[in-house]
Amino acid sequence: MTLSPIEKLFTLFNETATVLQEELDCSLLEALAETGENLFHGTILQDELSELTVKRLNKQYQGIELDRYSNEEIRKSFQLVILKGMKETVQSNHQMTPDTVGMLVAYLVGRFIKDKSFRLLDPAVGTGNLLMTVLNHVGKDTDAIGVDIDDLLIKLAYVSANLQRQAVQFFNQDSLEPLFIDPVDAVIADLPVGFYPNDVRAADYQLKAASGHSYAHHLFIEQSVRHTKPGGYLFFVIPNGLFESEQAEQLRNYFKEQVIIQGLLQLPTTMFKTKSAAKSILVLQKRGEGIKPPKQALLVNLPSLSKRQEMDKILTEIDKWFHENKG
């Protein structure tokens, strides 16, 4: 049986990471970051390995020429091992953006942003799956920035970016602390949903809660808008109940002041385990001089992505909306 390119790479990443996991006595995710570093640098960087392990790893690394694989093949195989590693160390905040959602975000970024080159920020970059999907599909010259508080996730993101030859600046910090970056043309984020524990820091935000902890996802929206140029676009993967919480009125008022809602695409509920976990893609534009709202926002209820005819019909409707509203 002939293995597909993704299966070949998955086998390489998985087997070499498992060897390193046992030898270094670490998690599979930590070992995956190490094996990715070895592949990128073309040498084994871990000094504490036995001679036998070094020989074994070198043999496996030499059996693969990364240059023969596409960025998407590298991204998908690397992320499959990350998913396996996450099952070993289950943490609620370690949830990867599904590929189909990433490709939809990439499609929207490509349609809304007309410039051939632009600056892009992902303030909740995690393992980089959403950011890499967008960079691999958008087909434009992109100056990309990723920020995340989790040092292991961001290490996996930068290793993944290196293997895919994508130049990304990464910052390992709390994204809701001051970000020392120049304004960007676009933001993408699969918003982390929940409460932000740092009430002192939250007090610097317009969207802080009147009492108790503030919603982290609200603060991420405000922080993203702050770092976007006037007229820039923001693409958020949001919970469907974003405008139904007790702090929703405050969010609506903030939107009226700061942004224009360009579109809301509700993802098919079949993509999610429960209806309450369902999400949508929200497209915003930062207000600025000469920035006009569309005649009407792009409102789409996406069918199951496997239903080709229904999906083609929706894409035709989206094309028509762009023609009427974006010229």
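Every heavy atom of this structure was used, including side-chain atoms; hydrogens, water molecules and symmetry mates were not. All values derive from a computational prediction rather than experimental measurement. The first residue in the sequence is number 1, and the count goes up from there.
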Would you please indicate yes or no on a ring centroid separation below 6.0 angstrom for Tyr215 and Phe195?
yes
Could you check whether any side-chain N or O of Ser214 sits under 3.5 Å from a backbone N or O of Ala209, counting only pairs where one atom can act as donor and the other as acceptor?
yes
Gap between atom CD of Glu34 and atom CG of Leu57 - 0.5 Å precision
11.5 Å
Using only atom types and a distance under 3.5 Å, with no angle test, would you say the side chain of Asp148 pairs donor to acceptor with the backbone of Leu153?
no
On a heavy-atom basis, which atom in Leu176 and which in Ala216 lie closest, and how many Å separate them?
CD1-O, 4.5 Å
Consider only side-chain N and O atoms of Lys279 and Asn240, and report whether a donor and an acceptor are under 3.5 Å apart.
no
With distance as the sole test, does Ser175 use its side chain to make a donor-acceptor pair with the main-chain N or O of Pro123 at under 3.5 Å?
yes
Start with the C-alpha distance between Phe220 and Tyr205, add both sets of side-chain angles, then the distance that settles ring pair (Phe, Tyr, Trp, His ring centres under 6.0 Å), and finish with yes or no.
CA-CA 10 Å; Phe220 265 88; Tyr205 286 84; 9.2 Å; no
Are Phe112 and Phe322, when compared by the centres of their aromatic rings, separated by less than 6.0 Å?
yes
In this structure, NZ of Lys55 is separated from CG of Leu49 (nearest 0.5 Å) by 14.0 Å
Could you check Glu177 against Ile149 for side chain to side chain contact (heavy atoms under 4.5 Å, CB included), going step by step and ending with a plain yes or no?
CA-CA 10 Å; Glu177 292 287 346; Ile149 194 170; over 6 Å; no
Just by modelled atom types, is the Leu207 backbone N or O under 3.5 Å from a matching donor or acceptor in the Glu222 side chain?
yes
Would Ser27 and Glu30 count as having a side-chain donor-acceptor pair, cut-off 3.5 Å?
yes
Ser4 backbone acceptor or donor facing Glu7 side chain under 3.5 Å:
yes
Verify the distance criterion only: is there a donor paired with an acceptor across the side chains of Thr53 and Glu23 at less than 3.5 Å?
yes
Heavy atoms only: give me the nearest Gln247-His213 pair and the separation to one decimal.
NE2-O, 3.8 Å
Can a donor-acceptor pair be found, under 3.5 Å and without considering hydrogens, that links the side chain of Asn38 to the backbone of Leu45?
yes
With a distance cut-off below 6.0 Å to the six-membered ring centre and an angular limit of 45° from the axis, does Arg56 pair with Tyr61 as a cation-pi contact?
no
Mind running side chain to side chain contact (heavy atoms under 4.5 Å, CB included) on Met132 and Val168 for me, showing each step along the way?
CA-CA 9 Å; Met132 293 304 133; Val168 182; 3.9 Å; yes
Check: Glu257/Gln206 side-chain N/O donor and acceptor closer than 3.5 Å:
yes
Which of Gln169, Glu37, Gln166 passes side chain to side chain donor-acceptor pair (under 3.5 Å) with Tyr158? It is Glu37
Presence of salt bridge, Asp151 and Lys155, under 4.0 angstrom:
no
Atom of Met103, atom of His137 and distance for their closest heavy-atom approach:
CE-NE2, 3.7 Å
Is the distance between the ring centroids of Phe118 and Tyr233 under 6.0 Å?
no
Considering all heavy atoms, the nearest Gln250-Lys208 contact:
NE2-O, 2.7 Å
Would you check if the side chain of Asn325 reaches a backbone N or O of Pro294 as a donor-acceptor pair within less than 3.5 Å?
no
Is there a donor-acceptor contact under 3.5 Å linking the side chains of Arg75 and Thr133?
yes
May I ask you to decide whether Arg68 forms a salt bridge with Glu65, counting only side-chain N to carboxylate O separations under 4.0 Å?
yes
Keeping Asp185 on the side-chain end and Arg119 on the backbone end, is there a donor-acceptor pair under 3.5 Å?
yes
In terms of hydrophobic clustering (I, L, V, M, F, W, Y; side-chain heavy atoms under 4.5 Å; direct or indirect links), are Phe13 and Ile44 co-clustered?
yes
